[in-house]
There are 2 protein chains.
Amino acid sequence: MKETLAITKALADENRLRIIMMVKDNEACVCQIVEVLGNASSTVSKHLSILKYAGLVDCYKQGRWIYYHLPQERSKAVSAAIRWVVESLEDSIVIQKDRVKSRCVCEQEPEELIKIQRDHKGDNENEKTRNI
Amino acid sequence: MKETLAITKALADENRLRIIMMVKDNEACVCQIVEVLGNASSTVSKHLSILKYAGLVDCYKQGRWIYYHLPQERSKAVSAAIRWVVESLEDSIVIQKDRVKSRCVCEQEPEELIKIQRDHKGDNENEKTRNI
DNA sequence: ACTATATTTCGTCAGATGACGAAATGAAAA
DNA sequence: TTTTCATTTCGTCATCTGACGAAATATAGT
């Protein structure tokens, strides 16, 4: 029950579902996820820790960046949960938009992205769809 | 996304998972569910409405009682979610205990059960495993 | 129609959750 | 070794959630 609940609670948030869909094909570092979701990095970090606790993502460090991806080793419950999420959200509008943005964001090396994020500090806070 | 989130939010609570596991093989009326979970009937009613909103249960009225069961018609997302929950919790201790209690509770007609619940009013509130 | 009663709705409260910015951490670069 | 900086942790706040009992609703049997 404990594992099952950890998984369902981790999945019960739109931002976390978006993260799963974002890293399912290509790993992404935190700053890339921050850019796509449009939340503060502290917020994204917390979401990632919840997903990781549930076993739904894993990460490794490379240089200054931490890359998140779906775990190689997955319990039966986790595999099935991930499969369910992916099938359920494949055609979601939100996810499609994220994919567009994600392609754009992940083309750039984190190094470049971070520079751009710095430049945008002070932009209108409500501007979620800023061009990069 | 809306449907997916409704489902994951509905599943992100232990009592609601227990309800799904309880009604998956045999329908149950509210008072039977109340007896097994040990919550107030208003609380259980709220849980049932959340499950119903997500399409995870359905109900019909018979006599004075409302019976809840898994829905006949299920969206792809709902079918897969229910399958996932059942597989994940089949061997859970909590669920096994519920099954024992459930067999005991559901042997009785709701009419009898309600009488017994009345008799137990005023029992120790913390006594969750009372004999019936 | 009236009464009894199974379930839901309402109002309220305590605790959980998600958001942010500031400060801490710790690994790489200088 | 010191500095830089990507990420996490901490502290705070507003909102959401789950719990309960009381009141409302609706149905069955008299």
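Chain identifiers are assigned alphabetically (A, B, ...) following the order of the sequence lines, protein sequences preceding nucleic acid strands; residue numbering begins at 1 within each chain.
- Between the NZ atom of B:K46 and the C1' atom of C:dT12 there is a distance of 14 Å, given to the nearest Å.
- Residue side chain B:S42 reaches the base of D:dG21 through a donor-acceptor N/O pair under 3.5 Å, judged by distance alone.
- For B:E90, the CD atom is densely surrounded, since the number of other residues' heavy atoms within 6.0 Å is greater than 12.
- One can place OH of B:Y53 at 18 Å from C1' of C:dT9, the figure rounded to the nearest angstrom.
- Distance B:W65 CH2 to D:dT25 P: 22 Å, rounded to the nearest Å.
- Put simply, B:Y68 has no side-chain N or O that comes within less than 4.0 Å of OP1 or OP2 on C:dA6.
- Nearest to the side chain of A:N39, among D:dT7, C:dC20, D:dG18, sits C:dC20.
- If you check C:dT8, D:dA19, D:dG18 against the side chain of B:N15, the one that comes closest is D:dA19.
- Between D:dT27 and B:K61, a contact under 4.0 Å exists linking OP1 or OP2 to a side-chain N or O.
- Checking the phosphate oxygens (OP1, OP2) of D:dT8, a side-chain nitrogen or oxygen of A:S45 falls inside 4.0 Å.
- Considering all non-hydrogen atoms of both residues, B:V78 and B:A54 come closest at CG2-O, 3.7 Å.
- Note: NZ (A:K9) to P (C:dG18) measures 9 Å, nearest angstrom.
- In this entry the distance linking CZ of B:R64 with C1' of D:dT25 reads 15 Å, nearest Å.
- For the pair A:I20 and A:L56, the tightest heavy-atom approach, listed with the atom from each and the gap, is CD1-CD1, 4.3 Å.
- Which of D:dC20, D:dT9, D:dG18 sits closest to the side chain of B:D13 comes down to D:dG18.
- D:dT27 atom P lies 16 Å from atom OH of B:Y60, rounded to whole Å.
- Of the listed nucleotides (D:dA19, D:dT7, C:dC20), D:dT7 has the atom at the smallest distance from the side chain of A:S41.
- Across all non-hydrogen atoms, the minimal contact from A:V57 to A:L48 is CG2-O, 4.1 Å.
- Among the nucleotides D:dG18, D:dC20, D:dT8, the one closest to the side chain of B:I50 is D:dG18.
- Listed pair A:T43 / C:dG18 fails the phosphate criterion, with no side-chain N or O lying under 4.0 Å from OP1 or OP2.
- Whole-Å rounding puts the B:E35 CD to C:dT7 C1' distance at 16 Å.
- Across A:S75 and A:E3, no two heavy atoms sit closer than the pair OG-OE2, 2.7 Å.
- Taking atom NE2 of A:H47 as the reference point, atom P of D:dT8 lies 13 Å away to the nearest angstrom.
- Distance from the side chain of B:R16 is smallest to D:dG18 among D:dG18, C:dG18, C:dT7.
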